[in-house]
Amino acid sequence: MFPMMAILVDTRLLLRRVKDFRSLMPRRNRVKEKWAATRPKNPPTRLALQHFDATYSVQLGNLWPSVRVALLSERKYGALVNNFSYEAVLANLQAQGCRDFISDTHTETQSCFEQDKAVEADKELGVSMKTSVNNSQQHSALQLSPSIKCVVFPRGDITRFKPARPDMHGLLGYYLMDAASVLPCLALDVQEGHSVLDLCAAPGGKTLVLLQTQAIRFLCLNDVSVSRTLRLKRVLNSYVPKQFLSDEMLRITSFDGTKWAEVESNTFDRVIVDVPCTTDRHSLMEDDNNIFSKSRTAERRRLPQLQLELLLAGIKAACPGGEIVYSTCTLSQIQNLSVVEQAVYLARENHGIHLEVVSLRPLTHMFRKTFHFTPDLQLGEMVVPHLAANFGPIYMCKLKRLT
């Protein structure tokens, strides 16, 4: 037995030396790796980085180098606690050093908010001039649902969450997602008895956040992709009891969201429009299904127009007095602020719908211990990635339909 082991060890050493000697072999005698036929010289991730360097270095200025490093680093997740599960997951996660960032807000939020009103007034003037919104931004206190809980590890801690385990009924205890993705749902401010439309619902993270409130009277979930809608259904079945997925309480559709007004309009108390975008972090990290693939150039260039049409559809779907939250996971000003500006203008000029921008500054004060927000954004709020708190990017803007 021992001679055999010695032979194996000697063989491994010999193979290792042969590999080392390859560097000494004349280049003309080496076998060339046929990478050119299988790997593009400029993969989509590299094209995305080149595009972001050219665009975001101008848009973000001195902030871009730190954001760039964070985007290229491992992202940080939050665990959305599933209230429908019978497992005591919150206590278990807190025992691991996690904290619920939603309940752990600043006590001085209101005083900071008052100090910023003067700054906001100047900001609103610029916004109203650019977007032709006749009314100034509305300052309203957000009533955060006590039922929504999302835990994160402390700043600078990149510990990974373990996969959630099913309880006795097969429901998973928590859903892993970018914790910043919870913010648009909090901004939506769902109240008891509301009807809600999620116009681009798949894969289902924000839908699960909304369902945790257990306050929605009727929830309509739509996504144009049938395959993504099937994925959404699988997510719901893994987290939500069947009695909460009945036709009386929830509807899932696969319509073209841009044509939603042909289905129904002036209907919903709350509408969330989380549009397809360049998905900056995915574009930098994954070549598969990358919007910067050369074959998808036309699709990428059409994104701002698609986003505009979806937001306008969401605005028309809201009832008078209803509220709409627009969100993306990109830093792009063209896909964020510019889309909102155009939608506000076109809604008034083409459809006679007047909108009021609702300030989300109270939200940024509440959660500034957890996220990094872009300072002095003209319209809406944006979480930017940072190595100490590597969430985002998430952009969000809230609009209210005036009666």
Side-chain angles (χ1 to χ4, degrees), residues 19 22-23 27 30-78 156 158 160 176-181 200 202-203 205 224-225 227-228 231 274-308 310 327-339 371-374 377 382-396:
K19 290 179 182 178
R22 282 195 66 200
S23 60
R27 185 177 296 273
R30 295 187 210 168
V31 177
K32 287 187 178 181
E33 183 185 2
K34 296 183 179 180
W35 61 270
T38 57
R39 289 184 294 177
K41 293 182 179 179
N42 288 307
T45 48
R46 185 179 299 175
L47 295 175
L49 184 58
Q50 292 171 356
H51 177 81
F52 294 159
D53 279 335
T55 305
Y56 297 157
S57 60
V58 176
Q59 179 182 316
L60 299 176
N62 295 333
L63 189 62
W64 171 236
S66 65
V67 174
R68 184 185 195 269
V69 171
L71 277 173
L72 292 170
S73 303
E74 184 176 356
R75 75 187 308 169
K76 194 169 181 177
Y77 284 89
I158 57 172
R160 293 184 179 183
L176 297 182
M177 62 190 301
D178 189 322
S181 296
C200 309
V224 67
S225 168
S227 61
R228 285 169 58 87
R231 181 182 172 189
D274 183 45
V275 295
C277 64
T278 47
T279 320
D280 292 359
R281 194 182 286 272
H282 175 84
S283 294
L284 289 176
M285 303 302 287
E286 301 287 342
D287 284 323
D288 284 345
N289 195 31
N290 195 311
I291 193 71
F292 282 87
S293 299
K294 290 185 177 180
S295 61
R296 300 180 68 183
T297 300
E299 179 186 351
R300 187 179 77 250
R301 289 175 178 170
R302 190 183 176 274
L303 275 176
Q305 181 61 32
L306 172 64
Q307 293 158 348
L308 174 61
L310 285 168
S327 67
T328 74
C329 50
T330 177
L331 299 165
S332 169
Q333 186 173 357
I334 295 174
Q335 299 176 63
N336 295 338
L337 182 145
S338 297
V339 168
F371 306 105
H372 280 258
F373 293 92
T374 303
L377 204 62
M382 184 163 65
V383 175
V384 293
H386 188 278
L387 277 180
N390 205 358
F391 303 107
I394 291 291
Y395 172 82
M396 54 189 170

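This chain uses plain numbering: 1 for the first residue, then up along the sequence. Side chains included, hydrogens not; waters and symmetry mates left out as well; all remaining heavy atoms used. What you see is a predicted model; the values in this text were computed from it and never measured.
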Original post:
Can you name the closest pair of heavy atoms from S338 and I334 and give their distance?
Top reply: CB-O, 3.5 Å

Original post:
S293 and S295: side-chain donor and acceptor closer than 3.5 Å?
Top reply: no

**OP:** Measure the CG-CZ distance between L60 and R68 for me, rounded to the nearest 0.5 Å.
**Re:** 13.0 Å

Subject >> Flag, side chain of S225 to backbone of R228, donor-acceptor distance under 3.5 Å >> reply: yes

**OP:** Say whether, by atom type as modelled, one donor and one acceptor occur between the side chain of E74 and the main chain of I158 under 3.5 angstrom.
**Re:** no

Subject >> Trace of the side-chain contact (heavy atoms from CB on, under 4.5 Å) decision for D53 with W64 >> reply: CA-CA 8 Å; D53 279 335; W64 171 236; 3.1 Å; yes

Original post:
Is there a donor-acceptor pair under 3.5 Å between the side chain of T279 and the backbone N or O of C277?
Top reply: yes

Subject >> Nearest heavy atoms of V384 and V67, plus distance in Å >> reply: CB-CG2, 4.2 Å

Original post:
With respect to V275, which candidate in T328, L308, L306 satisfies the side chain to side chain contact (heavy atoms under 4.5 Å, CB included) definition?
Top reply: T328

Original post:
Where do M382 and T330 come nearest, in terms of heavy atoms and distance?
Top reply: SD-O, 3.9 Å

Original post:
What orientation do F373 and F371 show, parallel under 30°, tilted 30 to 60°, or perpendicular over 60°?
Top reply: perpendicular

**OP:** Determine yes or no for a side-chain-to-main-chain donor-acceptor pair under 3.5 angstrom, with Q59 supplying the side chain and L331 the backbone.
**Re:** yes

**OP:** Would you check if the side chain of D178 reaches a backbone N or O of G392 as a donor-acceptor pair within less than 3.5 Å?
**Re:** yes

**OP:** Compute whether any side-chain donor of one residue and acceptor of the other, for N290 and R300, lie under 3.5 angstrom apart.
**Re:** no

Original post:
Has the side chain of N390 got a donor or acceptor atom that lies under 3.5 Å from a matching backbone atom of A70?
Top reply: yes

Original post:
Out of curiosity, L310 CG to Q305 CD, how far, rounded to the nearest 0.5 Å?
Top reply: 10.0 Å

Original post:
In Å and rounded to the nearest 0.5 Å, what is the CG to CZ distance from L47 to F52?
Top reply: 10.5 Å

Original post:
CD/Q335 to CG/L303 distance, rounded to the nearest 0.5 angstrom?
Top reply: 5.5 Å

Original post:
Between A389 and H372, which heavy-atom pair has the shortest distance, and what is it?
Top reply: CB-CD2, 4.1 Å

Subject >> Plane angle bin for H51 and F292 - parallel if under 30°, tilted between 30 and 60°, otherwise perpendicular >> reply: tilted

**OP:** Using distance alone, with no hydrogens and no angle criterion, decide if T278 and S283 have a side-chain donor and acceptor under 3.5 Å apart.
**Re:** no

**OP:** To the nearest 0.5 Å, tell me how far T45 OG1 sits from H282 NE2.
**Re:** 10.0 Å

Original post:
Of the non-hydrogen atoms in S181 and I394, which two are nearest, and what is the gap between them?
Top reply: OG-CD1, 3.7 Å

Subject >> Contact summary for P65 and N62, nearest pair of heavy atoms >> reply: CD-O, 3.3 Å

Original post:
Once you round to the nearest 0.5 Å, how far does CG of L387 lie from CG of L71?
Top reply: 10.0 Å

**OP:** Determine whether D287 and R46 make a side-chain contact, defined as any pair of heavy atoms from C-beta on separated by less than 4.5 Å.
**Re:** no

Original post:
Just wondering, more than 12 heavy atoms not from L72 lying within 6.0 Å of its CG?
Top reply: yes

